[in-house]
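Below: one structure, written as structure tokens.
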Protein chains: 2
Amino acid sequence: MTQYEVPTLAHVAKLAGVSENTVSRVIRNKGPIAEDTRNRVVKAIETLGYVPNRAAGSLASSGSLLIGVLLPSLSNVVFPEVLQGIHAALATTAYQPMVGVTNYDAGKEQDILSSLLAWQPAAIVTTGFDHTEATRRMLSNSRVRVAELMDIDAEPIDVAVGLSHRQAGYATGRHLIERGYRRIGYVGHDWGADRRARLRHDGVCQALSETGLTLRAEERFDGPSSTMAGRDTLATLLARAPDIDAVVFSNDDMAVGGFFHCLAAGIVVRKQLALFGFNGLDIGQALPMPLSTVRSNRFLIGKTAVERLLESPTRPEQRVVIDTGFDIIEGATA
Amino acid sequence: MTQYEVPTLAHVAKLAGVSENTVSRVIRNKGPIAEDTRNRVVKAIETLGYVPNRAAGSLASSGSLLIGVLLPSLSNVVFPEVLQGIHAALATTAYQPMVGVTNYDAGKEQDILSSLLAWQPAAIVTTGFDHTEATRRMLSNSRVRVAELMDIDAEPIDVAVGLSHRQAGYATGRHLIERGYRRIGYVGHDWGADRRARLRHDGVCQALSETGLTLRAEERFDGPSSTMAGRDTLATLLARAPDIDAVVFSNDDMAVGGFFHCLAAGIVVRKQLALFGFNGLDIGQALPMPLSTVRSNRFLIGKTAVERLLESPTRPEQRVVIDTGFDIIEGATA
DNA sequence: CTGTTAGCGCTTTCAC
DNA sequence: GTGAAAGCGCTAACAG
């Protein structure tokens, strides 16, 4: 091996005086190895600073230590948090995540999926149930494990990990009703992209309708959720329906914006207008009045999904649905 | 090809009636191909639903379409935003990012780097200049391109993309001095992990000292930055030094928390106490009073870095430093 | 413009 | 316990 060549199995084998095969066994901890041989090999690996070439390994074994991850966005803190959970579960393993961002576009998801599949990943982690037919076909044809995250209100391909957004919405509605709010409004963001926000909305409506109520007014911002959008959209809603006594927001970002609107407009939160969010983000809990909201366990969702996927390399007979649940955070705004 | 076999180049070649090599050429758009042949190959690829095996390609060409990315954390929105920039630059290419999270631990960075290198990436994108000796050696020995992000206050291995945090701190100090603030305090978070926060702090101090001033008081939260930490730490600082007229926060998360403290404690922001952040996050600009802060261009940093790396597969003679700059956001809190 | 040949570095299978 | 041999699916180099 000249000085500028990257060491390979062959170099290690030669230095340790064994066959390549033996070195490979040592590395993968597979098959019986004499203690003495193992030591020589380990030493050789260290001296050479040998790092296995995963591409070669992957090719030879037609499998890899990669987990393909498909996220709709990185702008919404929720997804980086899911990714943290995924990284946490992978930290003690040799697996590496390979992340693609779809921008809530099923067509793009399909493209990225096919380039992820090209690396022969051990598993694919994706978000929600909105896939193209081709995506679904690729996923079922490839024999990799598949986790669909966030949502459990539909039939998964292999395993789904998340919470029932419909139930979360329902619990939100009940919470407000039980506290005496009757003139309830809704402030949301773009539904085309966010099926789960709509499910929560529907859950709220269901709770209301069971009590003979309906949403007094609703306003949807035509774009992704953000604090600023929440702030502006609440202002619009209140201009149209000044008599509402509570507002459900599509998520915490929007709700925090709503809180800021109230501050700026001199509206006394809860007394004059109750606010309710979704997600349980830190920022909402750091407000002068902690936000009333629902905690979705994003980190846990990512972590659980990966743990389940790694349990077995093949799909189980039965599709699995794991409910990571949610909790109402009482807060002080509703 | 039986029904359950994954199609390979050979299958495509056979179906199109050409050699494997020709198919490979078509796929990689390399070398001259007769229009007619190309069409036949493309058709065969489509009928079979062929997806190239990147592991094989990577092995054969000893190079890959991977970009290794090392980020210290995903909890701080700043890094997901950098990652967005990276994804944006990669979106029009066939490259895929492979992300590792180091938790601000140089030892862990080293481990993850070696497992990223095992995939023969075309380039490595990492954060800051705090590497172990071994990391630095691996990076220089491997001939991959290397970008070090966020910071430009040191000599890069290959290319650095970011801003001068010292200068950003200095500009912050000047801003406050010019507006007449003289009793300036500092609220920060853990420096062990965040060298850049310290550089900004030092910049502030430098500006003050040029005017014959020093920081009146400072308080550092022993942990990562967060809104809650900012809120609590400002409270602590004010208990110790009630007479300060302005506070510089280590970043916007902390500053927003400080704003919340003021709200809760009935302190009139700016009139009684000016607040200044760093980063220019959306949340700060959505506050009832937009936060005075410095905009760091995280998205641009990620995007620029990748664009530069992909320009050339080999390191330039000269190490390159790209300053993505910063702007003072006037805001209303200072 | 296209085909042939020879690997890339590893794992698998089967001997011994 | 260990080794030899045969690929994995692709690309590179060279012919033609």
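Values in this document were obtained by computation on a predicted structure and should not be read as measured data. In the text below, chain A, chain B and the rest are named by the order of the sequence lines, each starting its count at 1.
For the pair D151(A) and R195(A), the salt-bridge criterion is met [side-chain N within less than 4.0 Å of a carboxylate O]. Taking a cutoff of 4.0 Å between a charged side-chain nitrogen and a carboxylate oxygen, K43(A) and E46(A) do not qualify as a salt bridge.
Note: CZ (R54(A)) to P (dC10(D)) measures 21 Å, nearest angstrom. Rounded to an integer number of Å, the gap from NZ of K14(B) to C1' of dT2(C) is 20 Å. Residue H11(A) contributes atom NE2, which lies 8 Å from atom P of dG9(C) at whole-angstrom precision. Look at CG on L9(A): it is 13 Å from C1' on dT12(C), rounded to the nearest Å. Whole-Å rounding puts the N39(A) CG to dG1(D) C1' distance at 15 Å. If you measure from atom CG of N53(A) to atom P of dG9(C), you get 7 Å, rounded to the nearest angstrom. Across the protein-nucleic acid pair, D36(B) atom CG and dC1(C) atom P stand 12 Å apart, rounded to whole Å. Remark: P of dC10(C) and CG of L65(A) are 14 Å apart, rounded to the nearest angstrom.
Using a 4.0 Å heavy-atom criterion, one finds that I33(A) contacts the sugar-phosphate atoms exclusively.
One axis for each end of the helix from dC1(C)-dG16(D) to dC16(C)-dG1(D), each built from five base pairs, and the angle between them comes to 30° at 10° resolution.
Between S62(B) and dC8(C) there is no side-chain polar atom (N or O) within less than 4.0 angstrom of OP1 or OP2. Applying the 4.0 Å criterion to OP1 and OP2 of dT2(C), one finds that T37(B) has a side-chain N or O inside that range.
Closest contact between the side chain of Y50(A) and the listed nucleotides dG9(C), dC10(D), dC10(C) involves dC10(C). When distances run from any side-chain atom of P52(A) to the nucleotides dT2(C), dC10(C), dG9(D), the shortest one goes to dC10(C). Listed candidates were dT11(C), dT11(D), dC8(D). Nearest to the side chain of S61(A) is dT11(C). Nearest nucleotide to the side chain of R28(A), out of dT11(C), dC10(D), dT2(D): dT11(C).
Nearest-nucleotide mapping onto DNA chain C: of Q120(B) and V18(B), the residue sitting toward the 5' end is V18(B). For A60(B) and A34(B), each mapped to the nucleotide of DNA chain C holding its nearest heavy atom, the one lying further toward the 5' end belongs to A34(B).
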Polar atom pairs between nucleotides 4-6 of chain C and protein, under 3.5 Å, N or O only, would you list them?
| unit_1 | atom_1 | unit_2 | atom_2 | d |
| --- | --- | --- | --- | --- |
| dT4(C) | O4 | N21(B) | ND2 | 2.3 |

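Residues H131(B) and Q110(B) bring no donor and acceptor atom of their side chains to less than 3.5 Å of each other. In the model, R28(A) has a side-chain atom that pairs as donor or acceptor with a side-chain atom of S24(A) under 3.5 Å. Looking only at atom types and distance, the side chain of Q96(B) has a donor-acceptor partner in the side chain of S115(A) under 3.5 Å away.
Minimum interatomic distance between Q84(B) and S75(A) (heavy atoms only, all atoms of both residues): OE1-OG, 3.3 Å. Between S142(B) and R315(B), the shortest heavy-atom contact is O-NH2, 3.2 Å. When every heavy atom of L74(B) is checked against every heavy atom of P80(B), the shortest pair comes out as O-CG, 3.6 Å.
Residue D158(A) is tested with R143(A), R145(A), R308(A), R319(A) for a salt bridge (Lys or Arg N to Asp or Glu O under 4.0 Å); the sole match is R145(A).
Side-chain atoms of H87(A) do not come within 3.5 Å of backbone N or O of P97(A) as any donor-acceptor pair.
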